[in-house]
Amino acid sequence: DLVCDNICIRLINVYRPPSPDTGTESTNATKHLVRCLAELSSCNQPIVLVGDYNFPNIDWSVPCSVTDREHSSALFSRFVVQHALDQLVTEPTRGDNVLDLVLTNESFMLNNVLVSPPFSTSDHYSVSFDIILRLANSSYSGMRKILTSRPNFRKADWQAIESYLCSVNWDCVFSECESCSELTERF
């Protein structure tokens with residue numbers, strides 16, 4: 001956890017070795033990874049998950065595009081959707097694939113996500129980003145108040161909200177729910 005002036009952000013770094021998208025060993029390892037990340041992410045603070053995930057079959061513009069439930073990439077993309085994580089890397093990081101990811105549940109706190117040439121002898125491009133912290137003693141001390149205030153629904157862009165809700169693959173989001181409470185929690 002990164003703690004600065006009563007602001008806490010959980011940073012999680014992941015390396016997932018390259019492996020086939022199917023097969024018992026690969027899917028079991030991915031299920032274990034997802035369980036670990038779910039446990040680490042179950043906190044009441046912003047989380048940032050970074051690293052080399054090696055999922056070349058996921059199209060991050062449509063994370064639930066892998067439909068076979070037993071593919072490792074489908075298991076991981078379901079985790080991302082179910083935990084409302086945004087994937088912020090938009091350029092390939094190795095070949096034509098986005099393998100190195102920056103995932104977060106608070107994308108407004110991250111800025112300047114850049115893909116740069118590889119470091120040293122790496123075969124992956126480097127990914128960097130800025131974490132935006134508004135400290136109490138800075139000129140932005142009002143930011144904390146803004147972040148904790150309640151939404152003004154009268155000023156909501158209802159068409160954009162409706163458009164977004166229509167674009168979500170709800171079958172994917174709710175695919176493993178077994179009760180009404182799980183459905184509500186995922187929503």
Side-chain angles (χ1 to χ4, degrees), residues 1-4 6-21 25-66 69-116 118-119 122-134 147 164 167-169 172-177 182 185-187:
D1 290 349
L2 172 65
V3 180
C4 185
N6 293 327
I7 297 172
C8 185
I9 300 172
R10 177 154 294 172
L11 297 172
I12 303 167
N13 189 23
V14 173
Y15 173 72
R16 177 184 171 270
S19 63
D21 205 28
E25 188 176 331
S26 178
T27 55
N28 285 343
T30 302
K31 287 176 183 177
H32 181 69
L33 172 65
V34 164
R35 278 192 304 273
C36 290
L37 292 177
E39 185 176 328
L40 288 168
S41 301
S42 64
C43 57
N44 293 325
Q45 61 200 50
I47 57 170
V48 180
L49 299 98
V50 299
D52 180 0
Y53 287 82
N54 282 304
F55 285 112
N57 296 330
I58 299 176
D59 175 0
W60 288 106
S61 64
V62 188
C64 276
S65 59
V66 182
R69 295 172 60 102
E70 289 306 310
H71 282 148
S72 292
S73 52
L75 295 169
F76 187 74
S77 64
R78 252 195 327 272
F79 162 78
V80 169
V81 170
Q82 290 169 348
H83 287 81
L85 299 174
D86 293 319
Q87 200 293 110
L88 305 179
V89 179
T90 58
E91 299 173 50
T93 58
R94 184 172 191 270
D96 293 329
N97 301 305
V98 179
L99 303 179
D100 304 274
L101 310 177
V102 176
L103 299 157
T104 184
N105 63 347
E106 297 285 356
S107 56
F108 72 90
M109 293 188 81
L110 301 181
N111 197 359
N112 298 325
V113 178
L114 299 173
V115 176
S116 306
F119 175 75
S122 176
D123 60 345
H124 289 243
Y125 281 85
S126 298
V127 177
S128 63
F129 58 92
D130 297 331
I131 297 175
I132 302 167
L133 296 176
R134 303 293 188 216
L147 294 177
Y164 172 76
S167 72
V168 173
N169 182 342
C172 181
V173 173
F174 299 133
S175 65
E176 295 180 352
C177 294
E182 282 184 49
E185 185 177 303
R186 294 263 169 87
F187 182 75

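Computation of the quantities below employed the complete heavy-atom set of this structure, encompassing side-chain atoms and omitting hydrogens, waters and symmetry-equivalent molecules. Predicted model only: the values in this text are computed from it and were never measured.
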Student: Indicate yes or no: at least one non-hydrogen side-chain atom of Ile9 is less than 4.5 angstrom from one of Ile131.
Tutor: yes

Student: Using a 4.5 Å cut-off on heavy atoms from C-beta on, say whether the side chain of Leu49 contacts that of Leu101.
Tutor: no

Student: Restricting to non-hydrogen atoms, name the atom on Cys8 and the atom on Val3 that form the minimum distance, rounded to 0.1 Å.
Tutor: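 Result for this residue pair: SG-CG2, 3.8 Å.
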
Student: Supply the atom-to-atom distance Thr104 OG1 to Arg10 CZ, rounded to the nearest 0.5 angstrom.
Tutor: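 Separation between the atoms: 13.0 Å.
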
Student: Rounded to the nearest 0.5 Å, how far does CG of Leu88 lie from CG of Asn111?
Tutor: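 Those atoms lie 10.0 Å apart.
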
Student: Could you tell me whether the side chain of Gln87 reaches within less than 4.5 Å of the side chain of Val98, counting heavy atoms only?
Tutor: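 Answer yes - side chains close enough.
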
Student: Say you draw a straight line from CG of Asn112 to CD1 of Ile132; how long is it, rounded to the nearest 0.5 Å?
Tutor: 7.5 Å

Student: Which heavy-atom pair separates Val115 from Pro92 by the least distance, and what is that distance?
Tutor: CG1-O, 3.7 Å

Student: Hydrogens and angles aside, do Thr93 and Asp100 bring a side-chain donor and acceptor to less than 3.5 Å of each other?
Tutor: yes

Student: Just wondering, do Ser175 and Gln82 contact through their side chains at under 4.5 Å, heavy atoms?
Tutor: yes

Student: With a sphere of 6.0 Å drawn around CZ of Phe119, does it hold more than 12 non-hydrogen atoms of other residues, nucleotides or ligands?
Tutor: no

Student: Rounded to the nearest 0.5 Å, what separation is found between the CG atom of Leu40 and the CZ atom of Arg35?
Tutor: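 The distance works out to 13.0 Å.
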
Student: Starting at CD1 of Ile12, measure out to OG of Ser41 and round the result to the nearest 0.5 Å.
Tutor: 4.0 Å

Student: Please report the closest heavy-atom contact between Ile47 and Asn105, naming both atoms and the distance.
Tutor: N-OD1, 2.7 Å

Student: Taking the side chain as every heavy atom from C-beta outward, state whether Phe55 and Thr30 have any atom pair closer than 4.5 Å.
Tutor: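 When only atoms from C-beta onward are counted, Thr30 and Phe55 do touch, with a gap below 4.5 Å.
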
Student: Give a yes or no on whether Tyr125 atom OH has more than 12 heavy-atom contacts from other residues, nucleotides or ligands under 6.0 Å away.
Tutor: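 It does not: Tyr125 OH has 12 such atoms or fewer within range.
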
Student: CD/Glu106 to CG/Asp86 distance, rounded to the nearest 0.5 angstrom?
Tutor: 9.5 Å

Student: Between Arg16 and Ser26, is the side-chain contact (heavy atoms from CB on, under 4.5 Å) condition met? List the steps.
Tutor: CA-CA 10 Å; Arg16 177 184 171 270; Ser26 178; 3.8 Å; yes

Student: Can you name the closest pair of heavy atoms from Val34 and Leu75 and give their distance?
Tutor: CG2-O, 4.1 Å

Student: Where is the tightest heavy-atom contact between Asp21 and Thr27, given as atom of each residue plus distance?
Tutor: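 Heavy-atom minimum between the residues: O-CG2, 4.3 Å.
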
Student: Flag the pair Thr90 / Trp60 as yes when at least one side-chain heavy-atom distance between them is below 4.5 Å, and no otherwise.
Tutor: no

Student: Between Leu99 and His124, what is the shortest heavy-atom contact and its length?
Tutor: CD1-CE1, 3.7 Å

Student: Does Phe76 reach the side chain of Ile58, with side-chain heavy atoms less than 4.5 Å apart?
Tutor: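 The answer is yes; the side chains approach within 4.5 Å.
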
Student: Verify, without hydrogens or angle tests, whether Ser77 (side chain) and Ser73 (backbone) share a donor-acceptor contact under 3.5 angstrom.
Tutor: yes

Student: Got Val127 and Val50 here, is their nearest side-chain heavy-atom distance under 4.5 Å?
Tutor: no

Student: Assess whether side-chain contact (heavy atoms from CB on, under 4.5 Å) is satisfied between Val48 and Phe129, documenting all intermediate values.
Tutor: CA-CA 11 Å; Val48 180; Phe129 58 92; 4.0 Å; yes

